[in-house]
S.K.: 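Take a look at this one; I'll ask things after.
Chain letters run A, B, ... following the sequence lines, proteins first and then strands; every chain starts at 1.
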2 protein chains.
Amino acid sequence: MSVESWALRRTLTYVQVSVKAPEATADRILDVAERLVQTRGFHGFSYGDVASELGITRAALHYHYRGKDELGAALIERYHSRFRARLDEIASESASALERLRDYAGIYRSVFADGRMCLCGMLAAEFDTLDEPLGRALLSFFDTNYGWLASVLDEGREAGDLQLTADSRATAELMVSTLEGAMLLNRPSSNLGRFDDVIARLLDQLVA
Amino acid sequence: MSVESWALRRTLTYVQVSVKAPEATADRILDVAERLVQTRGFHGFSYGDVASELGITRAALHYHYRGKDELGAALIERYHSRFRARLDEIASESASALERLRDYAGIYRSVFADGRMCLCGMLAAEFDTLDEPLGRALLSFFDTNYGWLASVLDEGREAGDLQLTADSRATAELMVSTLEGAMLLNRPSSNLGRFDDVIARLLDQLVA
DNA sequence: GTCTATACAGCGATAGAC
DNA sequence: GTCTATCGCTGTATAGAC
């Protein structure tokens, strides 16, 4: 390869990097592990599964994440942070409280449509087997959800858009429970229509 | 110990046996494994855990249940059969549809109060890792639930006790989703009060 | 029906070469 | 940053004695 073409290649590569950074191994590990946790559970996959899918060895995984617990913590952290970012987006782009709730449910819908269980819902099932930092991170995720939903519900009530028959926080928890439960039970049959029904009825209750 | 007291003991033991049979090893295995699945998930415990708790060896377990899949199938079968029996009881002892629904929710409540997740809810989360017979048994369990609930809802509507805004089957599925979701999310914090709230609001919706 | 003994694959994890 | 090699442990499973 000539010096010129090498320089060109290098430039092109650099340009590509500046447009969309090639995913670092640490992130690709999270991508694979995330999908495996969401479909098989935290104890339903191994370092070997992740490594073979990425074409690296188990030892390489340990370089990026010391152990499975650390990997789990990183998974929750990234999931939580993305979720928060999406909630901010919804808050900034949706006008009415009802629209925000619909968009919120849409997050769960897209996870379900992808054949996955909510990462944190899955981990909640396995809660007794998680170490303490993981458990705390999990509760924190749901706390974010409840808090965000409750404030949207309060706004909707004040604006007269929504009718709440109970405490907004309790209603928020009921909504998340229903969404998580619907994912849990409809995933085996991949019944997206049924999942949509649940969302529709959940929202109907608030405007009835 | 005298011959008389020994005979007495023996008689008493026999009487006790005739009243309540001493649990066979196969059943004690199911008891332990059931609790482990409900608290840790199907992949969150091992034959070693069950064996050590019962004071027997792993090899002895294999005599009763050839493998973990077979054990899982036996667990679902017993759980399903007990559930069906309880549903029959409720149908025969509860007068109104609303009472039956309350009793139905009470089944879930007692499981939750015992610090457990619903066996089949837990397995639903791990659905992708289960072999085909297990998956079918799982769907069959939920089908029993939906069918029973739907018929109670229909009776309640005809009797004028309940107000349904949608198809009874869809309502039944929504109810189970909500109960399973509430178990899933409140178990980490062992929040029984919150679980009771969910039940109360679920039933309120049907009479509102 | 339960045991000992054993097999063997897979697990998470570490050390050290490259 | 990834590899090979290896560790100790645990996993499910089987054979054969008692």
Side-chain angles (χ1 to χ4, degrees), chain A residues 10 13-14 17 21-37 39-76 122-123 126 128-135 137, chain B residues 13 17 21-37 39-76 78 122-123 126 128-135:
Chain A
R10 193 156 187 272
T13 303
Y14 179 76
V17 165
E23 220 175 6
T25 302
D27 289 324
R28 295 197 302 141
I29 292 171
L30 290 185
D31 292 340
V32 173
E34 186 177 71
R35 196 193 68 246
L36 288 171
V37 173
T39 51
R40 304 179 56 87
F42 193 69
H43 300 291
F45 78 102
S46 71
Y47 262 41
D49 296 328
V50 179
S52 73
E53 190 162 334
L54 291 175
I56 60 178
T57 61
R58 275 166 291 162
L61 253 72
H62 281 282
Y63 169 79
H64 295 282
Y65 301 98
R66 194 171 311 187
K68 219 180 173 186
D69 288 333
E70 213 164 283
L71 174 59
L75 284 173
I76 297 182
M122 182 66 89
L123 292 174
E126 300 173 294
D128 285 8
T129 69
L130 306 177
D131 70 359
E132 200 253 338
L134 240 59
Chain B
T13 302
V17 165
E23 220 174 6
T25 302
D27 289 324
R28 296 197 301 141
I29 291 171
L30 289 184
D31 292 339
V32 172
E34 185 176 71
R35 197 193 66 248
L36 288 171
V37 173
T39 52
R40 306 180 54 89
F42 193 69
H43 301 291
F45 77 101
S46 70
Y47 262 39
D49 296 329
V50 180
S52 73
E53 190 163 334
L54 291 175
I56 61 177
T57 61
R58 276 163 291 165
L61 251 72
H62 281 282
Y63 169 78
H64 296 281
Y65 302 98
R66 194 174 312 192
K68 221 182 171 186
D69 288 334
E70 213 164 284
L71 174 59
L75 284 174
I76 297 182
R78 192 179 72 163
M122 181 67 88
L123 291 174
E126 300 173 293
D128 285 7
T129 70
L130 306 178
D131 69 359
E132 200 252 337
L134 240 60

S.K.: For side-chain contact (heavy atoms from CB on, under 4.5 Å), just list the numbers for B/F45 and B/E53, CA-CA rounded to whole Å, side-chain angles, deciding distance to a tenth of an Å, and then say yes or no.
M.R.: CA-CA 12 Å; B/F45 77 101; B/E53 190 163 334; over 6 Å; no
S.K.: Polar atom pairs between nucleotides 8-11 of chain C and protein, under 3.5 Å, N or O only, would you list them?
M.R.:
from   : atom 1 : to    : atom 2 : distance (Å)
C/dC11 : OP1    : A/S46 : OG     : 2.5

S.K.: Measure the distance from NE2 on B/H62 to P on C/dA7 and round it to the nearest whole Å.
M.R.: 16 Å
S.K.: Using a heavy-atom cut-off of 4.0 Å to chain A, what are the terminal contacting nucleotides of DNA chain D, in 5' to 3' order?
M.R.: D/dG1 to D/dT4
S.K.: Any side-chain donor-acceptor pair under 3.5 Å between A/H43 and A/T129?
M.R.: yes
S.K.: Any side-chain heavy-atom pair from B/L134 and B/L123 closer than 4.5 angstrom?
M.R.: no
S.K.: Quick check on DNA chain C: between B/H64 and A/G67, whose nearest nucleotide comes earlier from the 5' end?
M.R.: B/H64
S.K.: Partners of B/R40 by side-chain hydrogen bond (donor to acceptor under 3.5 Å, both in side chains), sequence neighbours excluded?
M.R.: none
S.K.: Decide yes or no on salt bridge (Lys or Arg N to Asp or Glu O under 4.0 Å) for B/D49 and B/R35, but give the supporting numbers first.
M.R.: CA-CA 11 Å; B/D49 296 329; B/R35 197 193 66 248; over 6 Å; no
S.K.: For A/L71 and A/L30: C-alpha separation, side-chain torsions, deciding distance, then whether side-chain contact (heavy atoms from CB on, under 4.5 Å) applies.
M.R.: CA-CA 8 Å; A/L71 174 59; A/L30 290 185; 3.7 Å; yes
S.K.: Output the rounded distance in Å from CG (A/L61) to C1' (C/dA15).
M.R.: 17 Å
S.K.: Can you find a pair of side-chain heavy atoms, one from A/L54 and one from A/S52, that are under 4.5 Å apart?
M.R.: no
S.K.: Do you know which two heavy atoms are closest between A/Y65 and A/Y47, and how far apart they sit?
M.R.: O-OH, 3.0 Å
